[in-house]
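For reference, the structure is listed below as structure tokens.
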Amino acid sequence: MDVSHLLEELNEAQREAVTVDQGHVLVLAGAGSGKTRVLVHRLAWLIQVKHLSPLSVLAVTFTNKAAGEMRERTQALLRVSTRPLWIGTFHSIAHRLLRIHWREAGLQEHFQIIDSDDQLRLVRRIIREEGLDENQFPPSQIQWYINARKDEGQRPSSIEHMDHPLTATWVHVYGRYHAYCERAGLVDFAELLIRAHELWLNEPAVLAHYRKRLTHLLVDEFQDTNTIQYAMIRLLAGDSGEVFVVGDDDQSIYGWRGARVENVQFFVRDFPQVRTVRLEQNYRSTGTILSAANALIAHNEGRMGKRLWTAAGEGQPIRVYAAFNEHEEARFVIERIEHWLAEGRRAEEAAIVYRTTAQSRLFEEQLLRASIPYRVYGGLRFFERAEVKDALAYLRLLQNPNDDAAMERVINTPNRAIGQKTVAMLRAQARESGLPLWQAAGESIRQELLPGRARNAVAGFMELILAMRERMGDWTLGNQMQGVIEQSELARHYEKESREKMEARVENLQELVNAAESFILPAEDEEAGLSPLQSFLSHAALEAGETQGADWDDCVQLMTLHSAKGLEFPLVFMAGMEDGLFPHQRSVQESAGRLEEERRLCYVGMTRAMEQLYLSYAEVRRQYGSESYSRPSRFLDEMPTELLQEIRPRMATHRPYPGARPTAADPVDLPFRLGQAVRHRQFGEGMVVNFEGSGEHARVQVNFHQAGSKWLVLAYANLERA
Ligand code: ATP
Ligand code: MG
């Protein structure tokens with residue numbers, strides 16, 4: 001068979017990795033060097049040349065989006081269906097295992113996945129029930145603790161150092177939370193992994209089955225695996241499985257969430273005779289972009305060390321834009337995109353990346369105004385919107401009445417006069433009797449534990465759910481969704497909101513019905529015996545946070561730096577390059593290690609760019625409700641200046657004094673720039689908003705926070721930079 005297409009467009013090192021005869025392989029290489037490409041070609045090679053059954057290969061990557069791309073690329077290479085292939089994220093693969101082996105895993109048949117919102121709600125509820133002070137034990141902190149322990153594979157009983165009172169309380173809450181989820185049939189994201197790992201650990205027959213079947217494991221973005229994921233790989237591989245991992249220590253950006261870049265070193269230590277392949281040629285970016293990224297990352301210590309070069313030309317300089325404020329920054333970016341489109345390029349070739357999700361809003365606003373379609377990854381999450389979650393919670397409750405999180409969510413949405421007090425009583429009853437909320441509510445009614453009005457209200461709610469289940473049991477998924485929205489009166493509930501909000505919510509509910517109607521039960525879920533409803537709910541939970549509802553064809557891509565990992569775009573804007581925002585304040589304060597992780601994040605962001613890279617910052621930014629002045633990100637100082645080209649704000653509204661209009665070609669060294677934060681002995685702090693005159697007549701207009709707007713003669717004002 002002619003397999004030359006599998007080796008075409010691969011360099012020598014890449015070919016070596018793809019064609020390794022047997023044994024474990026580590027591909028350690030920098031950004032854009034073709035790691036993902038090598039992994040996909042290896043997959044195809046195993047099937048086409050080594051004649052492995054597609055059933056015996058497991059490929060793991062970081063996001064559902066990446067998994068989708070991997071499947072497509074493999075399909076293109078193999079030219080046969082890739083349906084039987086197991087390609088997915090650790091979470092989706094664990095989910096699949098647990099659906100098939102729920103009994104052996106000790107789960108309820110219809111277990112429900114909960115997202116971090118629901119998880120937080122449950123943790124808070126337990127903290128309250130335990131009579132703990134929420135200030136001393138913030139729910140989000142305990143939630144973080146629980147997830148971190150699970151990511152390390154630890155159960156409450158296996159955690160030591162219980163003598164510390166604080167830790168002891170955390171562990172106790174973890175225990176209560178766990179018992180709670182067990183009873184209600186709820187599984188959070190971290191639980192998926194630890195549970196799948198335990199399944200293999202505790203059920204030798206199941207493990208043996210998968211070891212025999214999945215003989216070849218391939219892992220992309222290996223530097224970001226956490227302890228439990230690494231343990232899963234080791235366990236599954238056993239002594240005979242072959243493992244092929246690709247990664248880049250300089251792109252490890254999930255340390256804050258438990259990822260351990262040391263896994264790269266452990267891999268070489270734990271697996272026998274690992275063949276390490278290094279790729280050194282970057283095929284993605286221009287010389288300038290690559291040099292700047294290399295120079296930046298050189299500021300980190302303890303790197304594994306890699307060379308990275310490109311045969312591409314230098315390309316254009318990296319543009320650095322100092323915006324007046326965040327609005328102006330967004331305007332600038334959108335203007336550049338309009339320019340790009342006017343040149344006949346495509347919208348989807350452009351990406352705007354930022355450090356925090358909240359930054360997306362202004363860009364969205366400007367894009368909407370300019371009628372440029374866009375898509376947000378990891379931002380406004382369709383499946384996380386309140387109304388969508390409400391509707392899904394009704395479905396969850398129909399499917400599993402013991403789903404406490406769902407019941408809590410909808411028992412009084414829309415308002416049925418079931419107040420906090422009543423809910424608290426139901427919880428207490430649930431706790432005492434060790435029953436799920438639903439059953440406890442039933443008991444409370446039977447035993448007449450609730451006051452008359454509350455009893456009627458709760459009974460009314462339960463009857464509604466039972467009636468829905470009765471009526472809609474055999475309806476199609478789309479009709480079920482529509483039915484739930486109508487009969488629960490959710491739409492009516494939202495009509496009380498402001499018109500705009502209401503319309504958006506009703507639209508989202510309609511979109512949800514569309515999603516349900518067009519949902520096709522995936523083969524693997526069918527194989528695992530899932531109903532369309534179960535499958536749909538699981539997908540909703542797993543996919544939240546990755547894509548927006550609609551799937552447009554050609555649109556500008558907006559995403560956080562974290563979700564940009566592994567992707568590439570001809571035109572990239574990195575916005576908010578300000579100290580405090582990026583690197584993020586928390587990281588700067590916490591430790592040198594965290595700062596290095598932020599630097600790696602910056603490296604990841606820059607290396608997404610193929611042709612053009614823009615770095616922008618706002619001199620004034622409104623954050624957490626107040627305006628603050630910021631310094632340009634220290635990362636900008638760490639890039640060689642000769643690779644950067646500074647662009648000053650174009651002063652359309654603020655007239656600079658004649659002859660001093662600063663431009664990229666003619667940078668004039670003014671003592672102050674527009675937007676500059678300054679301090680005056682008498683008037684205090686303010687911001688420069690205008691200039692006029694020149695020489696000794698030069699005057700500057702400053703907006704002082706306290707004293708208001710003033711024109712000052714520069715020569716006498718004694719202004720200092722603030
Ligand atoms: P990252 O570290 O960002 O995940 P990567 O190492 O996985 O990057 P790929 O995404 O696989 O890199 O490849 C980067 C780009 O270079 C892709 O567009 C890919 O198609 C291209 N590429 C990789 N190898 C070659 C090659 N030998 N010839 C031509 N193009 C290549
Ligand atoms: Mg990659």
Side-chain angles (χ1 to χ4, degrees), residues 4-19 25-45 59-74 76-77 87 89 218-225 244-254 259 261 264 276-287 289-290 293-294 296-297 303-304 306-313 315 348-349 351 353 557 559 561-572 574 600-611 613:
S4 57
H5 65 286
L6 295 181
L7 299 179
E8 273 163 17
E9 290 193 56
L10 292 182
N11 63 34
E12 208 170 305
Q14 292 174 329
R15 262 181 217 176
E16 179 194 342
V18 168
T19 59
V25 179
L26 162 69
V27 178
L28 183 64
S33 57
K35 293 183 297 299
T36 302
R37 173 186 282 225
V38 161
L39 189 137
V40 170
H41 281 244
R42 171 72 178 172
L43 214 173
W45 180 266
V60 190
T61 136
F62 214 73
T63 59
N64 290 322
K65 181 173 160 61
E69 272 172 23
M70 194 173 279
R71 190 176 287 281
E72 268 170 35
R73 289 213 227 165
T74 313
L77 280 176
I87 299 182
T89 62
L218 300 97
V219 186
D220 199 357
E221 307 277 5
F222 184 69
Q223 76 280 357
D224 273 326
T225 49
F244 186 98
V245 307
V246 312
D248 176 6
D249 56 309
D250 288 331
Q251 294 189 69
S252 142
I253 53 175
Y254 280 95
V261 66
V264 176
T276 302
V277 179
R278 291 174 182 267
L279 311 176
E280 300 189 333
Q281 182 170 0
N282 170 297
Y283 290 91
R284 179 180 293 149
S285 310
T286 63
I289 292 168
L290 196 62
N294 282 343
L296 173 91
I297 200 66
R303 302 168 56 215
M304 291 174 194
K306 290 176 302 275
R307 268 164 38 89
L308 203 56
W309 62 280
T310 174
E348 67 186 5
E349 293 178 318
V353 296
Q557 318 276 308
M559 66 197 77
L561 286 154
H562 281 98
S563 28
K565 192 160 92 148
L567 307 178
E568 60 188 21
F569 308 93
L571 173 63
V572 170
M574 281 172 71
R600 289 193 292 270
L601 195 55
C602 188
Y603 174 78
V604 167
M606 295 173 75
T607 52
R608 298 310 96 201
M610 302 162 81
E611 298 170 32
L613 174 62

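Note: hydrogens, waters and symmetry copies are ignored here, and every other heavy atom, side chains too, is used. Counting starts at 1 for both ligands and their atoms, following the listed order. One-based numbering along the sequence shown.
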Looking at side-chain heavy atoms only, is the closest gap between [X] and [Y] below 4.5 Å?
X    : Y    : result
D224 : I253 : yes
W45  : L7   : yes
V245 : V27  : no
Y254 : T225 : no

Minimum heavy-atom distance L6-A44, with the two atoms named: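 Closest heavy-atom pair between L6 and A44: CD2-CB, 3.6 Å.
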Closest approach of E349 to F569 (non-hydrogen atoms, all atoms of both residues): O-CB, 3.4 Å
Short side-chain to backbone donor-acceptor contact, Q251 and D248, under 3.5 Å: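 Absent.
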Donor-acceptor under 3.5 Å (S563 side chain, M559 main chain): no
Any N/O pair L567/ligand 1 closer than 3.5 Å: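 No, L567 has no N/O under 3.5 Å of an N/O on ligand 1.
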Contact (N/O only, under 3.5 Å) between R608 and ligand 1: yes
For [atom], grab the closest protein heavy atom and report residue, atom and distance to one decimal in Å.
atom                    : value
atom 5 (P) of ligand 1  : K35 N, 3.4 Å
atom 16 (O) of ligand 1 : Y283 CB, 3.2 Å
atom 10 (O) of ligand 1 : R284 NH2, 3.1 Å
atom 15 (C) of ligand 1 : E568 OE1, 3.3 Å
atom 12 (O) of ligand 1 : G34 N, 3.0 Å
atom 27 (N) of ligand 1 : Q14 OE1, 2.9 Å

Charged N to carboxylate O below 4.0 Å: is that the case for [X] and [Y]?
X    : Y    : result
E568 : R608 : no
D220 : K35  : no
D249 : R303 : no
K565 : E221 : yes

Sphere of radius 2.8 Å around the Mg ion (ligand 2) - protein N, O or S atoms inside: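 Listed by chain and number, the nearby protein N, O or S atoms are T36 OG1.
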Subset of ligand 1 atoms that lie under 4.0 Å from at least one heavy atom of N11: 27 (N)
Proximal candidate to atom 22 (N) of ligand 1 [heavy atom criterion; set E221, R37, E9]: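 Ranked by closest heavy atom to atom 22 (N) of ligand 1, first place is R37.
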Heavy-atom nearest neighbour of atom 8 (O) of ligand 1 within options G566, G247, G32: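 It is G32 whose heavy atom sits nearest to atom 8 (O) of ligand 1.
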Any S33 heavy atom less than 4.0 Å from ligand 1: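 The answer is yes: ligand 1 sits under 4.0 Å from a heavy atom of S33.
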Sub-4.0 Å heavy-atom contact, L10 with ligand 1: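 Distance cut 4.0 Å: L10 passes for ligand 1.
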